[in-house]
Amino acid sequence: MKLYNDLTRRKEEFEPLVPGEVRFYVCGPTVYDFFHIGNARPFIVFDVMRRYMESTGLEVTYVQNFTDIDDKMINRARDLGITVPELADRFIAAYYEDADALGIHRATVNPKATEHIPEIITMVEKLIESGHAYVSEGTVYFEVSTFPEYGKLSKQSLEELQSGARIDVDERKRHPLDFALWKARKEGEPFWESPWGPGRPGWHIECSAMATKYLGETADIHAGGSDLIFPHHENEIAQAEAATGKPFIRTWVHNGYLLMDNEKMSKSLGNFLTAREMRKRFSPLAIRLFMLSAHYRSPINFSDDSLRQATAAVERLRNCWTALEEAKAAPIEKADGGPHGLVNEIGRLRDRFREEMEDDLNTAGALGAVFEAVKAINSALRESPALGPDTLGEAEDFLKRTDEILGVLGIGKESESGPSDEEIESRVSERAAAKKNKDFKLADAIRSELLEHGVILEDTSQGTRWKRQI
RNA sequence: GGCGGCAUAGCCAAGCGGUAAGGCAGAGGACUGCAAAUCCUUCACCCCCGGUUCGAAUCCGGGUGCCGCCUCCA
């Protein structure tokens with residue numbers, strides 16, 4: 001497939017270093033709070049990227065870290081009156097709850113920074129030995145001027161980066177852009193012993209250390225939000241490549257921001273909505289479809305209206321699936337009366353879906369293919385000679401396979417809230433009796449009562465069908 | 001100041017030189033006790049001005065507007 005590589009600023013044919021195996025790293029959350037839906041964007045789109053790769057037969061080692069020690073962790077733990085590890089445990093658990101609910105597949109590994117202190121120390125030592133880092137008052141800095149390629153990801157020279165800089169002057173640094181690999185201990189902060197005295201790792205080093213540990217010195221893909229390009233990813237490259245002498249990452253991919261009222265959603269601006277709150281208001285399926293309805297590198301603007309539109313779109317998808325299941329269950333004696341045109345159409349759309357996904361993960365285009373299939377299926381379904389099992393199977397297979405990648409249909413994930421199936425069934429039969437007696441007033445009352453409980457009734461020629469609201 | 005992104009119908013959005021996917025909403029029709037679902041029909045000359053080309057939403061130049069990174073941030 002083709003991927004846009006931020007290192008070369010070009011769309012390139014992606015070929016894993018080792019044929020058939022992809023080493024994929026995604027920057028994960030700092031676990032000091034619930035993640036918000038802006039944070040959720042990379043989790044979801046790179047989950048889809050990974051699923052697509054897996055669907056083509058690639059074996060993906062997918063690593064997403066937890067940053068469980070940094071300033072934000074320390075401050076938050078202090079505010080809450082708990083220890084940093086307690087804080088981390090709490091929000092790692094919350095991360096899994098939210099991410100699982102959003103249908104994000106679990107990573108191969110979720111390494112934590114605090115569990116990789118030895119690896120981090122080893123890497124820092126290497127950098128000091130090779131003259132890329134220096135110690136100043138117990139803090140170790142990476143010396144950017146020793147890495148001539150510094151700025152190759154953000155396409156900025158040291159001078160350019162510096163001129164616009166809003167960095168505090170720090171006389172312990174040799175260059176304003178030098179950054180901490182290891183921070184000397186401060187009173188009241190967690191610390192680990194190191195050759196330079198007690199302290200804790202800097203932010204950037206954990207990713208370099210963990211990525212090389214789990215994926216080797218050169219990995220295929222490293223992903224994250226665009227705001228990580230500088231300084232985080234730039235620094236990761238500098239550290240890792242200075243330490244190993246090998247290219248760190250072959251393809252860098254970054255997602256665009258999620259905006260709220262046309263401004264970047266961020267904790268510091270305060271214009272954020274946690275995934276947790278979001279889940280109360282909208283179905284995870286709708287949230288996923290919303291995220292996938294635009295290209296992953298474009299900005300998307302969050303709004304209630306967008307989510308409502310996504311919800312309606314998901315319903316259309318699910319209605320089609322339900323109709324297909326019903327058609328399959330219906331007794332059909334006759335076999336396929338020869339190949340149906342739908343089979344060809346589905347075949348065409350399979351190709352189209354793949355082409356869109358191959359083109360830098362164009363999920364919006366791929367969704368277009370899915371919806372075209374939905375239209376074709378619905379249309380074929382209402383034709384008079386019923387579709388044979390082969391044709392139905394083909395349609396079902398298409399939806400199933402594309403959904404294994406996109407995860408917007410919720411096959412097998414029906415909501416269980418509200419009245420029990422038995423209660424609903426019994427109300428539906430009551431209503432059927434009422435209808436038979438032409439007591440439409442009662443029938444309508446039952447229908448609206450169930451609707452209030454999140455159950456939608458639809459009368460068809462085969463009787464009443466019900467479904468739960470998503 | 002440097003680097004980068006975006007501007008397509010009422011809304012969301014694909015499109016990467018060959019005459020505008022798809023979704024939501026709307027209108028008309030079919031079906032229906034009603035509603036819903038579904039189907040059929042309908043709904044855009046692509047921010048502006050130049051240029052290249054037989055041909056441009058798509059390429060080039062110049063504008064305008066919006067957003068982001070250069071500090072923690074997905």
Side-chain angles (χ1 to χ4, degrees), chain A residues 6 9 11 26-30 35-46 70-72 75 151 154-157 159-168 177 203 223-232 234 254-259 262-269 272 289-290 292-295 297-301 303 305-317 319-320 322-323 352 356 359 362-375 377-383 435 438-441 443-444 447-448 451 456-461 464-467:
Chain A
D6 281 296
R9 298 243 166 119
K11 219 188 262 186
V26 184
C27 281
T30 300
F35 65 86
H36 62 66
I37 57 174
N39 301 319
R41 168 119 102 144
F43 302 157
I44 290 173
V45 298
F46 297 125
D70 80 335
D71 290 347
K72 291 194 294 290
N75 293 334
S154 51
K155 309 289 182 231
Q156 298 271 285
S157 68
E159 294 68 40
E160 288 163 342
L161 284 164
Q162 215 185 146
S163 64
R166 292 168 276 172
I167 305 172
D168 293 335
L177 290 171
W203 174 37
S226 312
D227 44 4
L228 296 182
I229 292 173
F230 191 88
H232 186 52
E234 193 71 70
H254 296 93
N255 63 277
Y257 300 118
L258 186 137
L259 312 176
N262 260 339
E263 273 191 327
K264 179 182 170 186
M265 176 175 289
S266 70
K267 289 263 167 70
S268 39
L269 284 172
F272 65 92
L289 190 133
F290 164 69
L292 300 176
S293 67
H295 186 90
R297 284 192 287 111
S298 307
I300 48 173
N301 197 35
S303 70
D305 193 46
S306 292
L307 267 294
R308 243 180 284 118
Q309 292 182 15
T311 304
V314 167
E315 261 154 20
R316 179 168 166 78
L317 254 22
N319 287 339
C320 179
T322 307
R352 160 101 189 280
E356 298 286 9
D359 184 13
N362 188 348
T363 52
L367 275 168
V370 174
F371 279 103
E372 281 186 40
V374 164
K375 168 156 270 193
I377 293 166
N378 283 334
S379 185
L381 239 27
R382 70 198 309 280
E383 280 171 21
K435 276 181 67 180
K438 304 276 181 212
D439 186 352
F440 296 119
K441 208 175 160 191
D444 290 351
R447 183 169 60 197
S448 39
L451 181 61
I456 297 165
L457 299 194
E458 291 168 5
D459 292 334
T460 74
S461 49
T464 300
R465 139 202 326 160
W466 62 269
K467 63 183 182 187

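Every value quoted in this text rests on a predicted model; they were computed, and no experiment measured them. Chain naming here is simple, since letters A, B, ... match the order of the sequence lines and numbering starts at 1 in each.
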Rounding to an integer number of angstrom, what distance separates [N] and [M] when you compare their [atom1] atoms?
N	M	atom1	result
B/A13	B/G65	P	22 Å
B/C45	B/U53	P	27 Å
B/G5	B/C59	P	12 Å
B/A56	B/U41	P	30 Å
B/C24	B/C6	C1'	22 Å
B/A14	B/G50	P	28 Å
B/C11	B/G26	C1'	11 Å
B/C43	B/U8	C1'	15 Å

Check your understanding: Rounded to the nearest 0.5 Å, how far apart are NE2 of A/His295 and CD1 of A/Ile300?
Key ->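 So the gap between those two atoms works out to 12.0 Å.
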
Review point. Counting only Watson-Crick or G-U wobble pairs whose two distances fall under 3.5 Å, which nucleotide matches B/C34?
Key: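 Across any shown strand, B/C34 pairs with none.
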
Please check the phosphate of [N] (OP1 and OP2 only) for any side-chain N or O of [X] closer than 4.0 Å.
X	N	result
A/Asn262	B/C67	no
A/Arg297	B/G5	no
A/Arg316	B/C39	yes

Of the listed nucleotides [options], the one nearest the side chain of [X]:
X	options	value
A/Ala312	B/G68, B/G23, B/C24	B/C24
A/Lys435	B/G33, B/C70, B/G23	B/G33
A/Ser293	B/A37, B/C12, B/A74	B/C12
A/Arg382	B/G23, B/U38, B/C70	B/U38
A/Phe371	B/A14, B/G23, B/C24	B/G23
A/Leu259	B/A14, B/C16, B/C67	B/C67
A/Gln156	B/C3, B/C40, B/A35	B/C3
A/Leu258	B/G2, B/A74, B/C12	B/A74
A/Ser306	B/A74, B/C12, B/G68	B/C12
A/Gln309	B/C12, B/U38, B/C34	B/C12

Interatomic distance, [X] [atom1] vs [N] [atom2] [rounded to whole Å]:
X	N	atom1	atom2	result
A/Asn362	B/G22	CG	C1'	11 Å
A/Glu315	B/A36	CD	P	13 Å
A/Glu372	B/A21	CD	P	9 Å
A/Tyr257	B/A74	OH	P	10 Å
A/Asn378	B/C31	CG	C1'	15 Å

Review point. So which one's nearest nucleotide on RNA chain B is more toward 5', A/Asp444 or A/Ser266?
Key: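 Result of the comparison: A/Asp444.
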
Practice item. Name the residue closer to the 5' end of RNA chain B, choosing between A/Glu458 and A/Ser226 according to the nucleotide with the nearest heavy atom. Key: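 Result of the comparison: A/Glu458.
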
Practice item. Using the side chain to side chain contact (heavy atoms under 4.5 Å, CB included) rule, take A/Gln162 and A/Gln156 through it: C-alpha gap first, then chi angles, then the decisive distance, then the call. Key: CA-CA 9 Å; A/Gln162 215 185 146; A/Gln156 298 271 285; over 6 Å; no

Check whether the side chain of [X] and the base of [N] form a donor-acceptor pair under 3.5 Å.
X	N	result
A/Asp305	B/C24	no
A/Arg41	B/A74	no
A/Asp227	B/G68	no

Review point. Would you say A/Phe272 and A/Asn39 make side-chain contact, with heavy atoms under 4.5 Å?
Key: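 Heavy-atom side-chain distance check fails, nothing below 4.5 Å.
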
Review point. Does a side-chain heavy-atom distance below 4.5 Å link A/Thr464 with A/Arg447?
Key: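 Contact flag for A/Thr464/A/Arg447 side chains = no.
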
Point to revise | A/Phe440 aromatic ring stacked with six-membered ring of B/G33, 5.5 Å and 30° | key: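 A/Phe440 ring centre within cut-off of B/G33 base, planes near parallel; stacks.
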
Exercise for review: Before giving the answer on side chain to side chain contact (heavy atoms under 4.5 Å, CB included), spell out for A/Asn378 and A/Arg316 the whole-Å C-alpha distance, their side-chain angles and the decisive distance to 0.1 Å.
Suggested key: CA-CA 10 Å; A/Asn378 283 334; A/Arg316 179 168 166 78; 4.3 Å; yes

